[in-house]
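Working notes for the structure below.
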Amino acid sequence: IGAVPATIVERSTAIARRDGMLAMAQTAELCRIGAALTERGVDWITVKGPALALLAYGNVGAKASHDIDLLIDPAARAEAFAVMQALGYVSLDGQDRAEPGTLDHVLKDSGWRHPGNRVMVELHTRLFINRALVPTLGLNSPRETVAVGSEHRLPSLARPELLVYLAVHGASTNWHRLKWIADFAALTRCSSDAQRSAARACAARIGAGDVHDSALALAAD
């Protein structure tokens, strides 16, 4: 294999720099939004994004994300919307003007964007559009706290549950983004034997054993 062409190196470097700067902005906003939600009494966790980047790679800049994903209780939707608006975010889909719960049958999240820093956020009320797809994964699942520096803590799914979620999420979208396989592989690789065994047991318990095993096979390849 010959040397990588200079144009490709330059382009890749520019993309990595851009994505790294966005990741840092997303992390700062996630900490700000999380603190505001907690202050208003809204329970929340984050999946993917900065928390996953820290767990899987040890660096928020090592993973590119389109937006920030937050999971809240559907009953706290109005409070969470008020928090987003107070922080300067604007609804992308008008759900803040819809009757609460009227769109739950077709939507699992609401989109928000900050007009200043352009950070995008998805507020999820469930992890999957199909309510029957691993319904036990969510706010009531075991949690793991991810440290961001010395001052901030991000609540996420515990390692076994997070691995199962990533496997089901990837499979449900036919793994159409290569980074999703890479993220699952990286998190699996840096997990302990006990955590990997717990993930397989969790997957089997909630009916996703085959999905998790197929994700492991993809990661191995």
Side-chain angles (χ1 to χ4, degrees), residues 26 29-30 33-34 36-38 40-52 55 65-85 87 89 91-113 119-146 154-177 179-180 183-184 187 198-199 202-212 214-215:
Q26 290 172 332
E29 281 299 282
L30 177 54
I33 295 168
L37 289 172
T38 299
R40 289 286 289 262
V42 177
D43 189 21
W44 64 279
I45 62 173
T46 182
V47 294
K48 299 187 294 183
L52 177 56
L55 287 173
S65 298
H66 175 67
D67 52 31
I68 298 170
D69 293 289
L70 293 166
L71 178 65
I72 61 170
D73 191 310
R77 183 188 285 104
E79 285 291 326
F81 284 9
V83 167
M84 298 302 293
Q85 291 167 338
L87 294 177
Y89 281 81
S91 172
L92 295 176
D93 48 30
Q95 287 194 56
D96 57 329
R97 300 188 300 274
E99 189 69 23
T102 56
L103 299 175
D104 280 359
H105 62 297
V106 292
L107 297 174
K108 65 179 177 63
D109 54 63
S110 61
W112 299 79
R113 181 171 58 199
V119 169
M120 298 180 63
V121 177
E122 285 188 351
L123 285 180
H124 296 257
T125 52
R126 61 181 182 273
L127 291 176
F128 299 100
I129 293 177
N130 186 343
R131 294 176 182 273
L133 197 60
V134 289
T136 56
L137 282 182
L139 281 179
N140 294 325
S141 299
R143 301 184 182 188
E144 180 171 343
T145 301
V146 183
L154 301 175
S156 186
L157 293 170
R159 188 72 57 96
E161 284 72 18
L162 182 56
L163 283 167
V164 175
Y165 163 71
L166 293 176
V168 177
H169 173 268
S172 68
T173 56
N174 293 318
W175 296 101
H176 75 270
R177 290 184 180 172
K179 69 173 184 176
W180 289 339
D183 291 343
F184 176 83
L187 187 63
C202 173
R205 186 169 61 251
I206 63 178
D210 289 346
V211 174
H212 180 258
S214 69

**Request:** Could you check if a side-chain atom of Val211 sits within less than 4.5 angstrom of a side-chain atom of Val164, using non-hydrogen atoms only?
**Result:** no
**Request:** May I ask you to decide if Ala80's main-chain N or O and Arg77's side chain share a donor-acceptor pair within less than 3.5 Å?
**Result:** no
**Fill in**
CG (Leu55) and CG (Leu187) are apart, to the nearest 0.5 Å, by 6.0 Å
**Item:** Rounded distance [0.5 Å steps], CD in Gln26 versus CG in Asp69
**Value:** 9.5 Å
**Request:** Specify the closest pair of heavy atoms between Ala36 and Leu87, including all atoms of both residues, with the distance to one decimal.
**Result:** CB-CD1, 4.0 Å
**Asked** Is any side-chain heavy atom of Leu162 less than 4.5 Å from a side-chain heavy atom of Glu144?
**Response** no
**Asked** So, do Val168 and Ile206 sit near enough that their side-chain heavy atoms are less than 4.5 Å apart?
**Response** no
**Request:** Kindly indicate whether the side chain of Met120, heavy atoms from C-beta on, has any atom under 4.5 Å from the side chain of Leu92.
**Result:** yes
**Asked** Say you draw a straight line from OG1 of Thr125 to CD1 of Ile72; how long is it, rounded to the nearest 0.5 Å?
**Response** 7.0 Å
**For Ala167 against Trp175, the heavy-atom pair lying closest together** = O-CZ2, 3.6 Å
**Request:** Side-chain contact test, heavy atoms from C-beta onward, threshold under 4.5 Å: evaluate it for Phe184 versus Leu52 and give yes or no.
**Result:** no
**Asked** Parallel under 30°, tilted from 30 to 60°, perpendicular over 60°: which one fits the rings of His169 and Tyr165?
**Response** tilted
**Prompt:** Do the non-hydrogen side-chain atoms of Trp44 and Ile33 ever get within less than 4.5 Å of each other?
**Reply:** no
**Prompt:** When you measure from the side chain of Thr136 to the backbone N and O of Ser141, does any donor-acceptor pair fall under 3.5 Å?
**Reply:** no
**Asked** Are any non-hydrogen side-chain atoms of Glu29 and Val121 less than 4.5 angstrom apart?
**Response** no
**Prompt:** Hey, what do you get for NZ (Lys48) to NE2 (His66), rounding to the nearest 0.5 Å?
**Reply:** 10.5 Å
**Item:** Spacing of CG belonging to Asp67 relative to CG belonging to Leu30, to within rounding of 0.5 Å
**Value:** 11.5 Å
**Asked** Take atom CG in Asn130; do more than 12 heavy atoms of anything else shown fall under 6.0 Å from it?
**Response** yes
**Message:** Within the structure provided, determine whether Asp109 and Leu123 are in side-chain contact (heavy-atom separation under 4.5 Å).
**Reply:** no
**Fill in**
Heavy-atom nearest pair, Val42 first then Ala76, reads CG1-CB, 3.9 Å
**Request:** State the CG-CG distance between Leu166 and Asp183, to the nearest 0.5 angstrom.
**Result:** 7.0 Å
**Message:** What verdict does the side chain to side chain contact (heavy atoms under 4.5 Å, CB included) test give for Val119 and Tyr89, after you've listed the backbone C-alpha separation in whole Å, the side-chain angles of each residue and the deciding distance to 0.1 Å?
**Reply:** CA-CA 9 Å; Val119 169; Tyr89 281 81; 3.7 Å; yes
**Message:** Test your reading of the model: is there a side-chain donor-acceptor pair from Ser156 to the backbone of Val47, 3.5 Å cut-off?
**Reply:** no
**Asked** At their closest point, which heavy atom of Trp112 faces which heavy atom of Ser91, and how far apart are they?
**Response** CE3-N, 3.4 Å
**Complete:** When every non-hydrogen atom of Leu139 is compared with those of Asp73, the smallest separation belongs to CD1-N, 3.3 Å
**Asked** So which heavy atom on Pro135 is nearest to which on Arg131, and how close?
**Response** CB-O, 3.4 Å
